[in-house]
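Report on the structure given below.
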Amino acid sequence: MFSTIRLITGRSRGLLSRATLYTVLEMIANAAPAGLLYAILASLFQGPASLKQILWWTVLLIGLFAVQALFSSLGQIEAQSNGATIMKDVRLRLGEHLRKLPMGYFARRDQGDISHTLLTNVDEVEMILTHLFNHVIGSIILPIVSAAFLLVVDWRLALAVLVSVPLALPLLYWSQTLMSRRSKQRQEAAAAVHSRLLEYVQTIRLIKANNQTGQRFSRLDSAMAQLRDDSIRVEAMTSPVVMLFSIVLDLGFVFLLLIGSYLLEGGTLDTAAFLIFLVVSMKFYQPLRSAGAALTQMRYMASAGERIRGIFAEPPLSEPEQPQFPVSFDIEFSDVRFRYEEKEVLRGIDFRVPEHKLIALVGPSGAGKSTIAGLVSRFWDVTGGAVRIGGVDVRDMRSEELLALVSTVQQQPYLFNETIASNIRMGKPGASHEEVVKAAKAAHCHAFIEQLPQGYDTVAGEGGAALSGGEKQRISIARAILKDAPIVILDEATASLDPENEAYLQRAIGKLAYDKTVLVIAHRLKTIRAADWILVVDEGRIVEEGKHEDLLGKGGLYNRLWQEQQRLGGWRIKGGRLS
Amino acid sequence: MAQSKSLRFLLRLAGKQRRKLILSCLCSAASAVFALIPFVIVYRMAEGLLHPQADVSAVRQLILVACIAVLLRFALMGASTMLAHTAAFHVLYDLRVRLIEKLGKLPLGFFSTQHSGRLNKVIADDVERIESFIAHHLPDLTASIIAPLLTTAYLFAVDWRLGIAALLPIPAAFAVQGLMSAHGRRSDDMQRMHDLSETMNGAIVEFVHAMPVIKSFNQTVHSFARYRHSVESYASLWTQIARKKTPLYTLFLLLLESGLLFIMPAGVWLYGQGAITLSVLLLFLLLGVGLTAPLRQISTLGHMMQNNLEGVRRIEAVLSEEEQSVPTRSEANSPQRFDIDFRQVRFAYGEREVLKGIDLTAEHGKVTAFVGPSGAGKSTAAQLIARFFDPAAGEIRLGGFDIRSIPPEHLMDLLSFVFQDVPIVSDSVAANLRMGKEGASESDMIDAAQAAQAHDFISALPEGYNTRIGEGGVPLSGGERQRLAIARAILKNAPVLILDEAFAFADAENEAKIQDALSRLLHGKTVVVIAHRLSTIMDADRIVVFDDGQAAGIGTHDELLHSCPLYAGMWQAHRDAGEWSLEGKEESDV
């Protein structure tokens with residue numbers, strides 16, 4: 001458990017030691033009055049105390065109290081601010097790590113799951129570090145100090161007190177293992193609820209349209225029921241075992257009474273000493289019991305740590321030892337193979353896009369076109385063959401430099417929950433407002449942006465202004481124009497645009513693609529028929545390639561697709577039927 | 001007071017598991033009483049042993065009683081814990097169900113103004129925090145009240161003067177707390193804390209979801225300002241609060257445990273005066289010293305509750321959002337025909353007015369197309385038919401009835417919607433298809449998939465119809481998702497079909513086949529089609545041209561070419577665009 005914590009915090013115990021030290025000092029100041037009490041009672045058994053003595057004792061008690069208060073608050077402040085720092089560091093490091101993971105990771109893992117770890121699990125680990133850790137340390141030290149004291153006072157009685165500890169500890173261990181096994185399940189259930197909720201909220205339109213709201217969305221309902229049952233199993237059903245620990249510990253006190261009575265009978269124990277011992281030994285059990293509770297909680301939270309560790313354990317995209325940087329920007333795929341989970345997506349792709357040329361990828365959906373595009377930016381690593389830019393394998397380039405070379409305009413653009421200006425500026429951090437406006441004009445979004453209530457300062461993205469698909473798309477093109485990367489990938493970028501703006505957009509894309517190496521994915525063949533080269537992809541292979549006219553002449557898949565599109569001229573819906 | 005309102009809300013929630021909780025509190029209180037017994041026994045032993053004729057065998061009986069008390073104490077405590085937790089997790093589950101049911105009844109407008117991370121925090125985290133109130137605070141509170149009361153009564157019975165001394169920590173501690181309240185209003189900080197936590201929640205969700213963009217625009221974590229900033233400001237507020245609150249708060253807590261400071265001098269003096277016996281002093285040193293400590297627990301509870309109550313306020317806020325109106329049973333209508341009428345319909349997203357008084361009719365069994373520039377209001381108008389939003393003014397009628405008078409579930413049964421952005425849920429293909437029609441047979445489902453040309457690619461997936469798709473599952477291309485959505489609509493087979501740019505991704509290979517399937521689906525249905533490409537809808541029975549939230553023209557293709565300049569212009573642009581293409585570079589380079 002502690003190795004996990006160290007791994008997560010990425011620090012040695014150094015950070016915690018001061019808070020821990022304060023806690024130990026506080027605990028000592030807390031235990032010291034018991035010693036004083038012993039002295040006072042011993043003196044009272046001899047005879048009543050003088051007023052002066054009472055005064056001294058009181059001053060001493062107040063002094064110890066002040067020391068305890070001082071260290072307690074120092075320890076708290078220290079622990080809380082350490083905890084905040086650790087939380088912050090862990091979140092930033094996790095974010096940094098996530099950024100280096102291949103895109104494949106995000107496609108494979110549930111995104112709700114990842115954000116749950118970043119949020120809740122980090123908070124839980126913080127709880128361990130700031131509160132529980134010190135608590136447990138203190139609760140172990142205090143009984144050790146008291147035990148030493150008790151042994152000095154009367155070793156026989158002290159042993160009677162201590163004997164319950166080795167008996168109780170295995171019970172504590174048992175309850176811990178039981179809990180940690182079960183709380184792992186509970187963690188998973190909680191993460192599942194988190195993801196299902198996110199899904200529920202994000203696809204609420206679909207869910208409403210299909211009458212699946214509330215409990216009828218059974219995936220969410222059953223995830224929540226599972227969480228309920230797992231939680232009951234962890235928290236409620238382990239409580240008898242936890243209680244066994246407390247029972248054994250407290251029976252130690254009963255045992256003390258028993259031993260004491262025999263020693264009194266035998267005359268080897270003085271009544272006064274026995275009574276004093278009873279009062280003082282109370283200090284011994286209290287912290288032990290609360291340590292048990294804190295340890296239990298710590299165990300539960302440690303499984304949160306495991307989840308954080310899981311993310312850190314994901315291998316990031318490898319960075320080259322001797323990074324190379326291409327001087328030209330042609331793209332080359334040589335015998336590229338790619339497998340996604342069990343699905344063989346690409347089965348040997350060979351092609352080359354010369355610099356400043358426009359190459360189109362066409363073919364049925366699911367043929368692997370988007371995967372090819374993703375491999376250029378190294379969203380995944382190929383499982384065979386190589387992808388090269390300017391002759392340099394993308395794996396030999398620093399990933400930041402590679403990504404700086406490529407602009408991708410995707411089917412479904414993602415806008416951040418920020419102003420439109422900063423969404424566009426993402427293409428080039430630090431760009432002036434003029435540059436942003438210029439890019440927006442080039443992408444033909446200036447006009448509608450101006451019409452929004454706050455213009456460029458309108459917040460877009462989830463929870464922001466309602467923008468149509470076409471509007472979002474044009475903002476993402478403005479972003480790419482501002483980025484001005486030498487390689488441009490258009491992944492069905494024009495699919496959701498309206499005719500009125502298509503002509504504008506053609507010019508915008510023309511501007512974006514001017515003197516760039518361009519890879520276009522399109523299903524409407526008309527848009528790409530003037531491409532320098534067309535690759536026809538089907539089932540992970542290139543089945544045909546060439547110029548539009550050549551491909552038509554071949555009479556293969558391309559020709560068939562073209563003829564069908566020509567015949568249909570796109571979809572036509574006619575009075576109650578399609579033609 | 002808002003706080004007590006939230007508390008009442010919590011108690012009402014807890015009331016659903018009343019029997020378990022009352023029993024749990026009783027067990028907890030009884031357990032607290034048994035916890036006192038060993039102390040009393042020590043007192044009795046001291047009495048007996050310090051007596052001139054000490055009898056050790058009487059001591060043995062007391063030991064047996066102590067033993068039983070220990071066993072009973074923890075047995076009761078265990079029972080209380082089990083009962084309280086079981087009750088608590090049932091309450092949480094019920095509350096979450098209520099929340100998601102509630103979300104289902106809210107207009108979509110609610111979701112477009114709420115970040116999904118925020119809602120997620122409310123339903124997952126804020127609800128989870130209630131657990132500690134029900135499972136821990138309620139039974140603990142009972143014990144923390146009962147035990148000191150009993151102890152106080154017992155101690156006063158033994159000696160009232162030392163009893164008073166034992167209670168002195170209370171005024172001392174509360175003097176400090178008074179100082180604390182004067183120092184700053186606590187709820188204010190708590191609210192900021194929650195706000196910042198929500199901001200961070202939103203930033204994290206966005207950070208993870210936007211990863212493709214973050215990666216391709218090379219936004220390192222440190223330049224990803226929102227994420228970093230939210231994480232950092234949360235951490236710094238946390239530290240700030242810790243520094244500000246800790247010293248006084250610690251003093252307050254410690255004072256509650258400071259009984260020894262008062263009992264020792266008073267007790268030793270009274271003993272010196274001969275006013276009490278030594279065993280009474282021992283009793284007070286054992287029981288009196290810890291008398292006020294449970295108050296510490298009460299106060300910690302108060303402190304923790306404050307945090308939780310802020311969460312409860314947010315839960316209540318969601319629960320009290322205005323729901324879309326639902327007709328009472330007597331007002332409920334069930335249309336028999338399915339023509340759709342818009343009458344002076346107005347609608348705005350916030351300040352942006354999207355529909356400015358639309359009048360149109362989509363006839364029963366006919367195809368009506370909505371066309372127009374992007375942002376003209378086509379999609380919004382289509383979504384109003386499904387009551388994703390309610391119009392700000394005017395009304396929409398289905399078969400002559402205001403759609404607000406049709407029970408929402410019934411309305412949804414009458415509509416099939418194929419969306420532009422094709423949402424899917426991360427579940428099996430089969431579950432995604434069956435969303436349209438729960439309990440549809442395997443063969444109906446496969447028929448629908450075949451009609452939508454989805455069967456082949458589904459069969460090629462690793463586990464066919466049981467393959468998990470969506471987030472975390474096998475990824476599908478845009479065209480594949482689109483065909484799933486069409487299959488879903490075919491399976492649902494509702495009398496009204498709304499196609500919002502349903503064909504954007506469909507590829508030529510499958511188009512002809514899907515068209516065949518759709519033509520069967522469309523037969524006899526009321527169809528509303530939104531399409532960007534005019535050729536898709538030029539043969540529709542009626543075309544509505546949207547422009548800036550108004551209907552700029554209504555008619556057939558041929559009519560509109562003459563009567564509506566906007567449409568004629570769009571048609572021209574469409575024909576030109578049909579010709580446009582991404583130029584190869586060879587020509588332009590020359």
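Proteins come first, then strands; the chains are lettered A, B, ... in the order of their sequence lines, and each starts at number 1. None of the values given here were measured: they were computed from a predicted structure.
- For the pair B:Tyr227 (side chain) and A:Arg91 (backbone), a donor-acceptor distance under 3.5 Å is present.
- A donor-acceptor pair is defined here as one N or O able to donate and one able to accept, closer than 3.5 Å; no such pair exists between the side chain of B:Arg60 and the backbone of A:Leu258.
- For B:Phe417, the part lying under 4.5 angstrom from a heavy atom of chain A is the side chain only.
- By number of non-hydrogen pairs under 4.5 angstrom with chain B, the leading residue of A:Leu51, A:Val193, A:Leu119, A:Asp229 is A:Leu119.
- Interface remark: B:Leu254 contributes backbone and side-chain atoms alike to the contact with chain A (heavy atom separation under 4.5 Å).
- What you find for A:Phe274 and B:Met45 is that their closest heavy atoms are CE2-CE, 3.6 Å.
- Here A:Leu44 is the residue among A:Leu220, A:Leu278, A:Leu44 with the most heavy-atom pairs under 4.5 Å with chain B.
- Scored by the ring-ring contact (aromatic ring centres under 6.0 Å, His included) test, B:Tyr271 finds no partners at all (sequence neighbours excluded).
- In terms of heavy-atom pairs under 4.5 Å with chain A, the best-connected choice from B:Ala135, B:Ala66, B:Ala235, B:Ala75 is B:Ala235.
- The two residues B:Thr246 and A:Gln76 have their closest heavy-atom pair at CG2-CB, 3.2 Å.
- For the set B:Leu281, B:Asp413, B:Leu251, B:Val354, the count of heavy-atom pairs under 4.5 angstrom toward chain A peaks at B:Asp413.
- With chain A as partner, the option from B:Val97, B:Leu461, B:Asp427, B:Leu261 having the largest number of non-hydrogen pairs under 4.5 angstrom is B:Asp427.
- Each of A:Arg228, A:Met243, A:Gln68, A:Met87 has some count of heavy-atom pairs under 4.5 Å with chain B, and the biggest count is that of A:Arg228.
- Of the listed residues (A:Leu37, A:Ile247, A:Thr271), the one with the most heavy-atom contacts under 4.5 Å to chain B is A:Ile247.
- In terms of heavy-atom proximity, A:Thr58 sits nearest to B:Pro265 at OG1-CG, 3.4 Å.
- Only the side chain of B:Leu278 comes within less than 4.5 Å of a heavy atom in chain A; its backbone stays farther off.
- Of the two parts of B:Met264, only the side chain, counted from C-beta on, holds a non-hydrogen atom closer than 4.5 Å to a non-hydrogen atom of chain A.
- Proximity to chain A is limited to the side chain of B:Asp125, based on heavy atoms less than 4.5 angstrom apart.
- Counting heavy-atom pairs closer than 4.5 Å to chain B, the top residue among A:Pro240, A:Ser72, A:Ser231 is A:Ser231.
- Across B:Thr239, B:Leu71, B:Ile41, B:Leu92, the residue that shares the most heavy-atom pairs under 4.5 angstrom with chain A is B:Thr239.
- No side-chain donor-acceptor contact under 3.5 Å links B:Arg243 to the backbone of A:Ile77.
- In terms of heavy-atom pairs under 4.5 angstrom with chain B, the leader among A:Ala49, A:Pro48, A:Ala84 is A:Ala84.
- Across all non-hydrogen atoms, the minimal contact from A:Ala360 to A:Ile528 is CB-CB, 3.7 Å.
- Using modelled atom types, no side-chain atom of A:Ser239 and backbone atom of A:Glu235 make a donor-acceptor pair closer than 3.5 Å.
- Proximity to chain A is absent for every atom of B:Leu62, based on heavy atoms less than 4.5 angstrom apart.
- Between the side chain of B:Lys492 and the backbone N or O of B:Leu415, at least one donor-acceptor pair lies under 3.5 Å.
- Heavy-atom distances place the side chain of A:Arg219, and not its backbone, under 4.5 Å from chain B.
- The shortest heavy-atom contact between B:Thr86 and B:His90 is O-ND1, 2.9 Å.
- Contacts between B:Pro247 and chain A at a heavy-atom distance below 4.5 Å involve backbone atoms as well as side-chain atoms.
- Checking side-chain atoms of A:Lys483 against main-chain N and O of A:Val406 turns up a donor-acceptor pair under 3.5 Å.
- The contact between B:Ala124 and chain A is made by backbone and side chain atoms together, counting heavy-atom distances below 4.5 Å.
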